[in-house]
Amino acid sequence: SAVISQKPSRDICQRGTSLTIQCQVDSQVTMMFWYRQQPGQSLTLIATANQGSEATYESGFVIDKFPISRPNLTFSTLTVSNMSPEDSSIYLCSVDYLQGGNTEAFFGQGTRLTVV
Amino acid sequence: KQEVTQIPAALSVPEGENLVLNCSFTDSAIYNLQWFRQDPGKGLTSLLLIQSSQREQTSGRLNASLDKSSGRSTLYIAASQPGDSATYLCAVTGTASKLTFGTGTRLQVTL
């Protein structure tokens, strides 16, 4: 399986500031995914990050608000910019890992963000 | 657009009971289906992965089935324990490796 380390695990931030979340994988992966889970809701895909190219954003998410970096095959960052209380959520990174001939999704432990 | 629904939204059972969680999806063109466990405020732990060509997968006290044509999956938990208390999420993989998640079932196993 893939082991994913996500930092920070939680943070409380002032509105108008930005927070960068880091995601480190213990093996090289082609695609990394960033999700948001709003309170009491399920997960929503923000964007897909490939190494060496611009991230692909889902409907409703834009690069100016959620810039993503993918400098190599084991690391990615997601920045939540100009935060408002509505950004309070758990943010999770995920990778697809080929194991036993099957592709399985693995997740980091999440970053719990509270904007005040 | 794929939509994934889980029933029930919440479930409370006494320890030792066997239970079934349900997941349904609207578009049967999936590559696989995964069941995850999420503890409060935490990330997701993968429990079982079923490929679209498979009917079921088992791991310990967990058994997941998949009926792709009818758009349904079930997660069976045998002899439930308090440590099983968590939210259980199912997710289907469609095009471009994108996961669509269900709404989750919040399970509480009481002593």
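Each chain gets a letter, A, B and so on, in the order the sequences are listed, and its residues count up from 1. Atoms considered below: every heavy atom in the structure, side chains included; atoms not considered: hydrogens, waters and symmetry mates.
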Does any heavy atom of chain A fall under 4.5 Å from the side chain of [X], the backbone, both, or neither of them?
| X | result |
| --- | --- |
| B/L44 | both |
| B/L49 | side chain |
| B/Q38 | side chain |

Using distance alone, with no hydrogens and no angle criterion, decide if [X] and [Y] have a side-chain donor and acceptor under 3.5 Å apart.
| X | Y | result |
| --- | --- | --- |
| B/E3 | B/T26 | no |
| A/E86 | A/S84 | yes |
| A/S42 | B/T103 | no |
| B/S69 | B/D67 | yes |
| A/S9 | A/Q109 | no |

For A/T56, is it the side chain, the backbone, both, or neither that has a heavy atom closer than 4.5 Å to a heavy atom of chain B?
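A/T56 has no heavy atom closer than 4.5 Å to chain B.
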
Please work out which of the three classes, parallel, tilted or perpendicular, describes the rings of A/F106 and A/Y97, given edges at 30° and 60°.
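Plane angle over 60°, so perpendicular.
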
Might you confirm whether atom CZ of B/R72 has over 12 heavy atoms from other residues, nucleotides or ligands at distances under 6.0 Å?
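Not more than 12 within 6.0 Å, no.
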
Name the member of [options] that forms the most heavy-atom pairs with chain B at distances under 4.5 Å.
| options | result |
| --- | --- |
| A/T111, A/I4, A/L43 | A/L43 |
| A/R112, A/Q37, A/E104 | A/E104 |
| A/C93, A/A105, A/G108 | A/A105 |
| A/R10, A/Q6, A/Q41, A/E58 | A/E58 |

Largest heavy-atom contact set with chain A, pairs under 4.5 Å, which of B/A91, B/G104, B/S46
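Greatest number of close heavy-atom pairs with chain A: B/S46.
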
